[in-house]
Undergrad: 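Submitted below is the structure of interest, expressed as structure tokens.
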Amino acid sequence: MLGPVILAASRSDRMRRLVSAAPVTKSVVDRFIPGETVDEVVPVIEDLTGKGLDVTMDVVGEDITTREQAEAARDAYLELVDRLGDLGLGARTEMSVKLSMFGQALPGGRELALANVRPVVEAAAAIGTTVTLDAEDHTTLDSMFAIHDELRKDFPQTGCVIQAYLYRTEEDARRLAAAGSRVRLVKGAYKEPAAVAYQRKHEIDKAYVRVLKILMEGVGYPMIGSHDPRLISIAQELAHRAARKPDEYEFQMLYGIRSDEHLRLAAEGHRMRVYTAYGTDWYGYFMRRLAEKPANLRFFARSMITKG
């Protein structure tokens with residue numbers, strides 16, 4: 001049960017300093033985060049789309065404490081949109097945003113986050129793409145869904161993320177599937193209490209399948225966020241049962257994890273989107289990737305011992 005421990009460490013300033021100072025950290029982080037600037041990630045986007053893959057871009061960073069930081073996050077995404085438009089990559093590249101970056105946790109957070117994210121959604125629409133609102137811990141979800149509903153009034157293609165391990169998610173999925181929105185389903189990567197979330201892997205997997213069935217049978221556009229071969233196979237079967245065409249759903253996986261599977265699914269005619277993060281504030285994102293995949297943690301720990 002190392003996952004919860006790592007997730008707790010993702011919020012620790014002391015652990016942030018320790019991990020950041022480790023000599024091996026950069027080489028391991030680069031596996032998941034291919035750059036810190038737009039200039040560094042544009043070649044990555046071009047490479048992925050050139051291989052027949054779609055992309056969703058995430059500017060990493062969550063712990064916003066001032067309005068100025070929230071505005072800087074907005075501007076970072078607007079810079080990305082400008083570059084994607086100039087390069088003609090809008091049709092293949094969308095954006096994923098965490099509303100905490102846009103000021104959601106600050107006083108007046110819902111209105112502030114909406115005001116900051118709306119220009120990004122507008123700019124994305126102007127170059128032929130869209131934005132998906134990432135899910136964070138359960139205390140933020142009502143605010144996220146309210147912002148999602150507001151954005152969809154003008155930009156109905158705006159997506160959102162739901163997390164299978166939360167008890168509430170089946171109800172959320174029914175509402176969203178009926179609304180026809182774009183919904184990414186993930187297992188969940190935050191430390192949540194037993195009062196609101198399943199704790200055991202087999203329970204989470206079962207919940208994932210139940211929720212995915214709701215989405216596939218609905219009228220929305222399901223986005224299957226998983227690297228689990230069994231869940232991917234189940235998703236393909238559920239799509240077949242629901243008579244969905246290949247362009248009526250998609251798979252999404254993280255950059256740096258199971259890259260061969262990305263190409264295999266695309267070669268089979270599936271729409272495959274690679275979730276690609278970049279930026280300097282990488283710590284929280286990196287720690288959740290370790291929590292999700294024990295093999296990543298073993299590799300990192302072994303590297304620190306041998307090189308640290």
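The structure displayed is predicted, hence computed values, not measured ones.
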Undergrad: Does Tyr221 have any side-chain hydrogen bond (donor to acceptor under 3.5 Å, both in side chains) partners at least two apart in sequence or in another chain, and if so, which?
TA: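 Once residues adjacent in sequence are excluded, the partners of Tyr221 under the side-chain hydrogen bond (donor to acceptor under 3.5 Å, both in side chains) criterion are Glu250, Arg271.
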Undergrad: Apply side-chain hydrogen bond (donor to acceptor under 3.5 Å, both in side chains) to Glu150 and list each qualifying residue two or more places apart in sequence or on a separate chain.
TA: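 Expected list: Lys153.
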Undergrad: Check residues 176-188 and write down every donor-acceptor pair under 3.5 Å in which the side-chain atom is one partner and the other belongs to a residue at least two apart or another chain.
TA:
from, atom 1, to, atom 2, distance (Å)
Ser181, OG, Leu176, O, 3.4
Arg182, NH1, Thr132, OG1, 3.3
Arg182, NH1, Gln157, O, 3.4
Arg182, NH2, Glu94, OE1, 2.5
Arg184, NE, Gln252, OE1, 2.6
Arg184, NH1, Asp134, OD1, 2.6
Arg184, NH2, Ser96, OG, 2.8
Arg184, NH2, Gln252, OE1, 3.4
Lys187, NZ, Asp205, OD1, 3.0
Lys187, NZ, Asp228, OD2, 3.4

Undergrad: In chain order, what residues pass the side-chain hydrogen bond (donor to acceptor under 3.5 Å, both in side chains) check against Glu217, with sequence neighbours excluded?
TA: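 Testing Glu217 for side-chain hydrogen bond (donor to acceptor under 3.5 Å, both in side chains), a comparison that skips the adjacent residues, returns Lys213.
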Undergrad: Using the test side chain to side chain contact (heavy atoms under 4.5 Å, CB included), find all partners of Thr65 that sit at least two apart in sequence or belong to another chain.
TA: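 Side chain to side chain contact (heavy atoms under 4.5 Å, CB included) list for Thr65, sorted by chain: Gln69.
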Undergrad: Looking at residues at least two apart in the chain, or sitting in another chain, which of them share a side chain to side chain contact (heavy atoms under 4.5 Å, CB included) with Thr140?
TA: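 Per chain and number, Thr140 pairs via side chain to side chain contact (heavy atoms under 4.5 Å, CB included) with Gln104, Glu136, Asp137.
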Undergrad: If a pair satisfies salt bridge (Lys or Arg N to Asp or Glu O under 4.0 Å) and one of its residues is in residues 77-90, list it, with sequence neighbours excluded.
TA: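 Non-adjacent pairs meeting salt bridge (Lys or Arg N to Asp or Glu O under 4.0 Å): Asp39-Arg83.
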Undergrad: Using a 3.5 Å cut-off and no angle test, enumerate the donor-acceptor pairs between side-chain atoms of residues 116-123 and protein atoms at least two apart in sequence or in another chain.
TA:
from, atom 1, to, atom 2, distance (Å)
Asn116, ND2, Phe102, O, 3.1
Asn116, ND2, Leu112, O, 3.4
Arg118, NH1, Asp154, OD2, 3.2

Undergrad: Under 3.5 Å, sequence neighbours excluded: what are the donor-acceptor pairs made by side chains of residues 235-242?
TA:
from, atom 1, to, atom 2, distance (Å)
Gln236, NE2, His270, NE2, 2.9
Glu237, OE2, Arg241, NE, 3.1

Undergrad: Please enumerate all residues that pass side chain to side chain contact (heavy atoms under 4.5 Å, CB included) together with Val196, with sequence neighbours excluded.
TA: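 For Val196, the residues satisfying side chain to side chain contact (heavy atoms under 4.5 Å, CB included) (neighbours in sequence not counted) are His138, Leu166, Glu192, Pro193.
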Undergrad: The criterion is salt bridge (charged side-chain N to carboxylate O under 4.0 Å, His left out); which residues satisfy it with Arg264, sequence neighbours excluded?
TA: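 Result, salt bridge (charged side-chain N to carboxylate O under 4.0 Å, His left out) vs Arg264: Glu261, Glu268.
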Undergrad: Can you list the residues that meet the side-chain hydrogen bond (donor to acceptor under 3.5 Å, both in side chains) rule with Arg210, with sequence neighbours excluded?
TA: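 Only Glu170, Tyr198 meet the side-chain hydrogen bond (donor to acceptor under 3.5 Å, both in side chains) criterion with Arg210.
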